[in-house]
Amino acid sequence: KNEVEQSPQNLTAQEGEFITINCSYSVGISALHWLQQHPGGGIVSLFMLSSGKKKHGRLIATINIQEKHSSLHITASHPRDSAVYICAVRSQHFGNEKLTFGTGTRLTIIP
Amino acid sequence: KAGVTQTPRYLIKTRGQQVTLSCSPISGHRSVSWYQQTPGQGLQFLFEYFSETQRNKGNFPGRFSGRQFSNSRSEMNVSTLELGDSALYLCASSFVVGYEQYFGPGTRLTVT
């Protein structure tokens, strides 16, 4: 079982729909990151969370540390939101910290 | 403020050769991390540097190494290249270790 699991793997929605992408992890973490990757490879960091909820424009990220779960929500989705969304957790193993990534959710928004 | 820059952007090497990739962080950022992205394995953490010292390391063989200079610029080196090393290599910088990371555009390495 991977340390970081994302769902769904693929998501297609109509413009304007409310989008939810989920991330579950199995280890203790110091932080969770949500990243956006557009075709061509460029990665943008959307959020870094250690507790609670953060909002930036139409994007909202939440984390529940007890349940080891995070969600990324997109309100009023737009075709420019089409990208791969990646969850990553920062955890410590015997004094060595590392980032472990989920496999990503490919989001396609249809006009 | 200029973003993270990586050079070269594209590289083709032959099996058995070695390669050095370069990363210049955002001005003022002192931590640099390196990642490998492949279609099969996704994104994987290579190593993280702060103040010229490797602070954290992923699960890659010793053929993968890196260093950070006093101006925070970083290089990673892969020796004895294998076909499986073909990947997009991404560098990210942050103010200090554990802060939000800003990614560069990546270097696409092809090993033939």
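Side chains included, hydrogens not; waters and symmetry mates left out as well; all remaining heavy atoms used. Below, read A as the first sequence line, B as the second, and so on, with proteins coming before strands; counting in each chain starts at 1.
- Across every non-hydrogen atom of A:Phe101 and A:Ala88, the tightest pair is CD2-CB, 3.5 Å.
- Annotation for A:His38 and A:Arg80: closest pair CE1-O, 3.5 Å, computed over non-hydrogen atoms.
- Using a distance-only test at 3.5 Å, with no hydrogens or angles considered, no donor-acceptor pair links the side chain of B:Lys13 to the main chain of B:Arg15.
- Atom CZ of A:Arg106 is surrounded by 12 or fewer heavy atoms from other residues, nucleotides or ligands within 6.0 Å.
- Residue B:Tyr49 is not grouped with residue B:Val97 when hydrophobic side chains (ILVMFWY) are merged at heavy-atom distances under 4.5 angstrom, including chains of intermediate members.
- Counting heavy-atom pairs closer than 4.5 Å to chain B, the top residue among A:Gln37, A:His33, A:Arg90 is A:Arg90.
- Cluster annotation: B:Leu46 is connected to B:Leu11 through the hydrophobic network of ILVMFWY side chains, with a link wherever side-chain heavy atoms come within less than 4.5 Å.
- Neither the backbone nor the side chain of A:Thr103 comes within contact range of chain B; no heavy atoms are under 4.5 Å apart.
- At a heavy-atom separation below 4.5 angstrom, chain A is approached by B:Tyr99, B:Glu100, B:Gln101, B:Phe103 within residues 99-112 of chain B.
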Would B:Ser65 and B:Arg67 count as a side chain to side chain contact (heavy atoms under 4.5 Å, CB included) here? Give the steps. CA-CA 7 Å; B:Ser65 63; B:Arg67 59 179 175 168; over 6 Å; no
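- Residues of residues 32-44 of chain B having a heavy atom under 4.5 Å from any heavy atom of chain A, listed by number: B:Tyr35, B:Gln37, B:Leu43, B:Gln44.
- A donor-acceptor distance shorter than 3.5 angstrom exists from the side chain of A:Ser77 to the backbone of A:Glu17, with no hydrogens or angles considered.
- Checked for salt-bridge contact, A:Glu97 and B:Arg55 miss the test: no charged N lies under 4.0 Å from a carboxylate O.
- Side chains of B:Thr20 and B:Glu75: a donor-acceptor N/O pair is absent below 3.5 angstrom, by distance only.
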